[in-house]
There are 2 protein chains.
Amino acid sequence: MDPDLSTLDEALDGAGVDGYLLDADSDVPDQRYLAGFDAPDPFVTLYDGDTHLLVSALEYGRAKTASRADTVARHSDYTEGAGSREAAGEVLAAFLEDHDVSSVLVPPRFPVGVADDLRERDVAVTSEDDGAGVLTDIRAVKTDEEIDHVRSAQRANERAMAAAEELLREATIEGNRLVHDGETLTAERVKTEIETTLLHEGCALSETIVASGADAADPHDRGSGPIAPGEAVIVDIFPQDNDTGYHADMTRTFVKGEPSEAIEEWYDLTEDAFEAALDVVEPGATGAEVHDAVCDVYEDAGEPTLRADPETETGFIHGTGHGVGLAVHEMPSLSFEGEELEPGNVITVEPGLYDPDVGGVRIEDFVVVTEDGYENLTDYPKALRVE
Amino acid sequence: MDPDLSTLDEALDGAGVDGYLLDADSDVPDQRYLAGFDAPDPFVTLYDGDTHLLVSALEYGRAKTASRADTVARHSDYTEGAGSREAAGEVLAAFLEDHDVSSVLVPPRFPVGVADDLRERDVAVTSEDDGAGVLTDIRAVKTDEEIDHVRSAQRANERAMAAAEELLREATIEGNRLVHDGETLTAERVKTEIETTLLHEGCALSETIVASGADAADPHDRGSGPIAPGEAVIVDIFPQDNDTGYHADMTRTFVKGEPSEAIEEWYDLTEDAFEAALDVVEPGATGAEVHDAVCDVYEDAGEPTLRADPETETGFIHGTGHGVGLAVHEMPSLSFEGEELEPGNVITVEPGLYDPDVGGVRIEDFVVVTEDGYENLTDYPKALRVE
């Protein structure tokens with residue numbers, strides 16, 4: 001992949017430093033993005049206009065062929081010593097000197113032990129004062145290749161959602177229980193079905209939400225126990241593709257049996273809020289404006305929102321959406337402080353309503369912002385009743 | 001859990017500071033251990049003889065009931081402000097002041113942005129100069145509760161290994177292929193069987209190794225493609241229990257069909273090396289001595305080892321074992337530099353032989369060091385041939 005790093009060049013110019021330095025494993029999205037490399041143990045990436053990797057002997061061969069780096073070095077290129085911390089500091093300083101780098105900008109979560117050690121060796125280390133760092137901003141605008149990756153993860157996500165819905169469809173209502181294959185249908189059983197599907201699709205597992213009844217009224221409750229007939233079940237799946245590292249994100253709300261009138265009204269209202277949000281999505285619109293469109297729909301219908309009452313614990317009690325990529329939650333934000341959307345942003349739109357006395361309803365697709373609006377990356381029907 | 005933190009007290013006394021500070025999510029084993037709390041986003045733990053947590057409003061309720069902390073605070077206890085970085089620094093400084101802490105020791109991978117911000121607010125921040133940090137040493141000695149956790153993860157591991165072996169057992173030999181359910185049996189198919197089993201056992205997935213033929217000769221190759229009759233298949237599974245966070249670790253080597261004479265000899269020799277290693281394991285023996293016992297067996301039989309030839313790429317080309325706990329690889333190390341074993345160490349013993357022309361063989365159990373020797377935590381037979 002060939003990301004546009006001009007913003008990083010500007011950040012280095014602005015800080016008056018020679019390079020940008022990362023020391024992290026590739027579970028850290030900035031590292032995986034800049035290095036274009038997936039490794040379980042921390043390694044070093046230096047950007048000075050070109051991208052240079054410093055890796056262990058174990059990763060050297062793979063880094064040379066699989067990473068996006070212009071050069072790859074291994075520790076033993078700079079020392080004969082073993083892997084003690086003293087040696088590690090020496091090696092890193094020698095690596096930087098080799099690239100004529102004597103001052104670096106680092107993200108806020110760069111390890112202090114490494115930073116202080118470099119400072120003792122007269123390398124100037126400045127931590128970015130932006131909360132997350134410049135690479136996080138750069139990652140918010142996806143290349144075509146990245147959009148292909150999230151699209152592919154979404155196909156897996158849709159198969160997992162279909163497997164979950166099919167389980168509900170096959171279940172029978174016996175009194176106040178749902179029964180599948182002779183057993184009471186539980187959130188755990190549905191999650192296992194989802195995760196088994198994702199496994200076969202080559203995705204890592206995430207903490208899928210299958211929450212019904214009062215559980216569904218807490219957007220952070222992952223759900224547990226029996227699913228009752230007539231209760232709204234929120235199914236929120238956000239898998240990560242094992243090969244590419246990119247995520248997808250989608251939520252549907254289902255009812256098996258007869259939903260309450262309140263749930264039906266909420267569902268229709270949430271579909272309206274969802275459409276209202278998407279009507280706003282285009283380059284130049286802000287994430288705050290998209291969020292406001294959702295709040296307008298809910299408030300006009302008399303539902304509480306955090307906008308109308310920051311203390312409310314029922315109604316619409318979270319943001320409208322977030323970026324999705326190497327991280328499942330990343331920039332941009334679709335909430336009160338959401339900034340301007342740009343072509344290439346991949347974002348969720350996920351309005352919802354919550355009340356322990358009623359349950360919870362949420363509908364979520366994810367879309368990519370295009371030059372003249374958006375393209376919905378989600379291909380899954382929206383229907384409350386599972387019949 | 002009530003870990004013995006006396007070594008941490010000594011480290012604070014030695015450094016002449018008021019407290020030990022962590023800022024990390026609970027994927028960082030030190031954080032999960034000290035906080036006794038599992039949260040996906042970074043939070044702060046301060047140890048000053050007691051343990052104090054600083055968490056977001058979202059995690060506050062759960063942290064109060066589920067963590068091992070003596071006190072739990074939330075950001076809003078210290079500021080009215082929103083979540084900007086400036087506010088985060090103010091909040092953390094106020095939290096430390098509240099506990100009369102003006103100097104802290106931090107692990108080497110503590111975030112530099114937070115450290116520099118505290119320094120600007122006149123909090124002295126010292127990074128530990130040990131490579132990993134004092135908590136990593138403390139974690140090497142397990143409590144009875146932790147030993148129960150790894151034991152429980154190992155039961156899941158054994159069921160996954162049995163599922164893998166059963167697949168090989170069911171397969172039929174058709175020419176130079178193994179066939180299962182009408183399809184060529186591949187490493188990928190066996191891994192899916194293992195991972196599906198682990199999923200049902202409540203374990204997170206890890207990067208299981210199912211490597212046969214020449215793949216098995218590279219201990220870092222996770223394996224792919226068809227498994228041929230007569231080839232040695234290394235199956236190495238190291239699951240993490242979702243609830244407790246603790247790992248297990250076990251390797252078996254299987255052959256479906258007729259193994260080569262070389263593989264049979266290697267298998268017997270590796271069983272001897274394995275027994276020789278365990279004969280050494282007891283409190284006071286060093287990890288280096290255990291490793292030497294394995295090298296002795298292999299060298300006496302004329303096999304290359306890294307001890308005899310640091311440049312060898314065949315033979316016994318890795319360490320003998322490592323600690324297992326919240327991290328799948330942790331202290332102590334059973335290798336050249338391995339230090340004294342203590343009661344409560346949970347360690348793998350995993351000798352093996354590798355050569356691309358022959359294949360690979362490895363046998364791994366994991367055991368806990370006891371007052372007078374060790375207890376093997378593994379309950380799975382060792383047999384090369386799958387019949």
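Throughout, a chain's letter reflects where its sequence line sits, starting with A, and its residues are numbered from 1. Atom set for the values below is all heavy atoms of this structure, side chains included, hydrogens, waters and symmetry mates excluded.
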Near A:Glu188 CD, under 6.0 Å, is it more than 12 heavy atoms from other residues, nucleotides or ligands? yes
Residue pair A:Arg119 / B:Val112, side-chain heavy-atom distance below 4.5 Å: yes
Rounded at 0.5 Å granularity, tell me how far CD in B:Glu195 sits from CD in A:Glu195. 12.5 Å
For A:His200, which atoms come within 4.5 Å of any heavy atom of chain B: side chain, backbone, both, or neither? side chain
Let me confirm one number: the CG-CG distance from A:Asp129 to B:Asp116, rounded to the nearest 0.5 Å. 11.5 Å
Over all heavy atoms of both residues, which pair between A:Gly113 and B:Ser127 is shortest? Give the atoms and the distance, please. CA-OG, 3.4 Å
How about A:Arg109 and B:Asp23: do any of their side-chain heavy atoms sit closer than 4.5 Å? yes
Quick check on A:Pro107 against chain B: is it the side chain, the backbone, both or neither that has a heavy atom closer than 4.5 Å? backbone
Counting only heavy atoms not in A:Glu183, do more than 12 sit closer than 6.0 Å to its CD atom? no
Who wins among A:Thr192, A:Thr196, A:Asp27, A:Leu58 for the most heavy-atom pairs under 4.5 Å with chain B? A:Leu58
Could you tell me which of B:Ala115, B:Pro40, B:Pro42, B:Ala24 has the largest number of non-hydrogen atom pairs under 4.5 Å with chain A? B:Pro42
